[in-house]
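Data first, discussion second: the structure below is written as structure tokens.
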Amino acid sequence: MPTRDDLIADLHGLLGERGVVTDAEAMARYRTDWTGRVGGMPLAVVRPASTAEVAEVVSYCHRNDVPLVPQGGHSGLVCGAMPDEEIAELVVSLERLASIRELDPINFTLSADAGCVLQTLKEAAEAAECYLPLSLGAQGSCQIGGNVATNAGGLNVLRYGMTRQLVLGLEVVLPDGRIYSGMRALHKNNTGYDLKQLFIGAEGTLGIVTGVVLKLFPRPQVTRTALLGCRDIAAVLELYALARRCCCDLLTAFELIPRRCLELAMEASPDLRDPLDAPHPTYVLLEVSASGPADLDTMIETLFERGMEQELLDDGVLAASETQAQQLWLIREAMLEGQRRTGEHLRTDISLPISSLPAFHEQATRAVLDACRDATVIAYGHIGDGNLHFNILPPPATPDSDKPALLHELETILFDLVATFDGSISAEHGIGRLKQAPFLEHLSAPEFELMRGLKHLLDPRGLVAPGRILPAPSP
């Protein structure tokens, strides 16, 4: 490995002054993510402006044994793209790869650089009367390459699937600097192994995504949003099954929001008002949309009537305007900020068979409170795909110094229970470094061997995103 001075000089030669950041103050923003955690000081930050430049940097690192970590929009939650605290790494930021290469409204595809911000792509699709359904709270800052690398989920998975289901083609710089060019805008392609799937959800450990071809859909012409009040999660699950039948596969979102989350949202956003006349233990934020003529109001009214008859819901409100719909969705966004203001707490991202959610919630809540009587459980999420964010606030009187050990103990209890339900400890956030230990603990030997084999095949020196998902190779 070259000295830092030689490394920086070589990188300047490859990318020019604009492509390399070395000042500690300027590098500060590349050391943090949405959680506020701070990573280590990188060797430098490089900002290549093309796939060819990414390939040159990676090839140089491969030849000179320089570890590197690819980075997108700093919206990760598992420390996957933050520079390591112990091993000095080169940060490869994709922020300058920000061009839309092609938008084809007849083929319903969009090809773009990996550094494009998701919101920019959604607006471009909208302008072409198309729809890119990937919808995340961080869509104003997250980059599509990061979405692909983490197989991002979000609010519309129920109807449109995860990022994996939206990707038709990829361009990836492999760990030795070679370029895998798979940017085919084909809706059907059955020629051999589907290589692009190796890189989706791999969190940059198998290569750096530099381009992506996305599947688009007709733009919804009619959308209806409603908030429903229910007595408990069991009723919510029965209501979900009913909604799937009443709404003719037009159900876009079905979000579980407990009362405490609604309160946190109102605390974080004082302009919000309690949308129903009386409080309810549990709420559902529901959205139905159609790209052509469809009587969505009648569908939702039928759902209301049948839900009331079956005693699955107690009250509800249907947004009468786009402004009212935005206010209902603001609850879902503001409650995350409300949680963050409570201080350090346990955030999880688990998935389970949908029908298991009530039993899991009951058992997990009991197990957590048995271990820490005054903890607060906040479980919300995307009911339609079995994704539950089972979060735990420590007792208010807990000293800051005691919180990490307590939250780790509660996480262990929770993840062990997830395993008994054949669930997953990560539905959409990934593994990164933060969840590596519990991931490895519950990983079977064949799974570990297959993953380690793939990593070694593509990155035998372990230089690309080392220590993410799988342990870094021994020195």
* Structure fact -> In this structure, CD1 of Ile413 is separated from CD1 of Ile392 (nearest 0.5 Å) by 8.0 Å
* Can a salt bridge be assigned to the pair Arg29 and Glu95 using a cut-off of 4.0 Å between side-chain N and carboxylate O? -> yes
* Structure fact -> side-chain contact (heavy atoms from CB on, under 4.5 Å) with Leu286: of Leu303, Thr252, Leu328, Leu239, only one passes, and it is Leu303
* Asked: What closest approach, in Å, do Leu256 and Tyr380 show between heavy atoms, and which atom pair accounts for it?
  -> O-CB, 3.2 Å
* Any side-chain heavy-atom pair of Leu454 and Met451 under 4.5 Å -> no
* Structure fact -> Heavy-atom closest pair (Leu296 atom, Arg224 atom, distance to 0.1 Å) is CB-CG, 3.8 Å
* To do: Kindly check if the number of other-residue, nucleotide or ligand heavy atoms within 6.0 Å of CG (Asp370) is above 12?
  => yes
* Which heavy atom in Glu203 sits nearest to a heavy atom in Ala465, and how many Å separate them? -> O-CB, 4.2 Å
* Derivation of the side-chain contact (heavy atoms from CB on, under 4.5 Å) call for Ile425 and Asp349 -> CA-CA 6 Å; Ile425 65 168; Asp349 168 44; over 6 Å; no
* Determine, for Asp249 against Arg159, whether the closest basic-nitrogen to carboxylate-oxygen distance falls under 4.0 angstrom. => no
* To do: Answer yes if the ring centres of Tyr30 and His74 are under 6.0 angstrom apart, and no otherwise.
  => yes
* Asked: Just wondering, do His389 and Thr348 contact through their side chains at under 4.5 Å, heavy atoms?
  -> no
* Centroid-centroid under 6.0 Å between Phe108 and Phe217 rings -> no
* **Lys/Arg-Asp/Glu bridge criterion (N-O < 4.0 Å) met for Arg31, Glu85** => no
* **Carboxylate-amine/guanidinium proximity below 4.0 Å for Arg332 and Glu255** => yes
* Asked: Do Asp271 and Ser269 have side-chain atoms, one donor and one acceptor, less than 3.5 Å apart?
  -> no
* Asked: Is the side chain of Asp113 donor-acceptor paired with the backbone N or O of Arg101 at a distance under 3.5 Å, no angle test?
  -> no
* Structure fact -> In short, Ala124 meets Ile100 closest at the heavy-atom pair CB-CD1, 3.6 Å
* Using the side-chain contact (heavy atoms from CB on, under 4.5 Å) rule, take Asp459 and Thr205 through it: C-alpha gap first, then chi angles, then the decisive distance, then the call. => CA-CA 8 Å; Asp459 185 19; Thr205 60; over 6 Å; no
* To do: For the pair Arg260 and Glu267, find out whether any cationic side-chain nitrogen is under 4.0 Å from an anionic carboxylate oxygen.
  => yes
* Asked: Is a side-chain N or O of Arg184 found less than 3.5 angstrom from the main chain of Gly182, in a donor-acceptor match?
  -> no
* **Pairwise side-chain contact, Asp314 with Arg231, heavy-atom cut-off 4.5 Å (strictly under)** => yes
* Taking Arg347 for its side chain and Asn391 for its backbone only, find out whether a donor-acceptor pair lies under 3.5 Å. => no
* Between atom CD of Glu263 and atom CG of Asp274, what is the distance when rounded to the nearest 0.5 Å? -> 8.5 Å
* Look at Glu309 together with Arg306 and state whether they make a salt bridge at an N to O cut-off of under 4.0 Å. => no
* **Within-4.5 Å side-chain heavy-atom neighbours: Leu134 and Leu166** => yes
* To do: Flag the pair Leu440 / Gln436 as yes when at least one side-chain heavy-atom distance between them is below 4.5 Å, and no otherwise.
  => yes
* To do: State whether the side chain of Thr365 and the backbone N or O of Glu362 hold a donor-acceptor pair below 3.5 Å, judged by distance alone.
  => no
* Asked: Is there side-chain contact between Pro105 and Glu129, with at least one heavy-atom pair below 4.5 Å?
  -> no
* To do: Taking all heavy atoms of Tyr180 and all of Leu195, pick out the closest pair and write down the distance.
  => OH-CB, 3.8 Å
* Could you tell me whether a side-chain N or O of Glu238 sits under 3.5 Å from a main-chain N or O of Ala235, the two making a donor and an acceptor? => no
* Asked: Just how far is it from atom CG of Leu214 to atom CG of Leu170, taken to the nearest 0.5 Å?
  -> 9.0 Å
* Asked: How far does OG of Ser289 sit from CG of Asn156, to the nearest 0.5 angstrom?
  -> 7.5 Å
* **Ring centre gap for Tyr160 and Tyr131 strictly below 6.0 Å** => yes
* From CD1 (Ile144) to OG1 (Thr163), nearest 0.5 Å -> 6.0 Å
* Mind checking the CG-CG spacing from Leu206 to Leu457? Nearest 0.5 Å is all I need. => 9.0 Å
* Provide the closest heavy-atom pair for Ser351 versus Ala427 in the form atom of the first, atom of the second, distance. => CB-CB, 3.6 Å
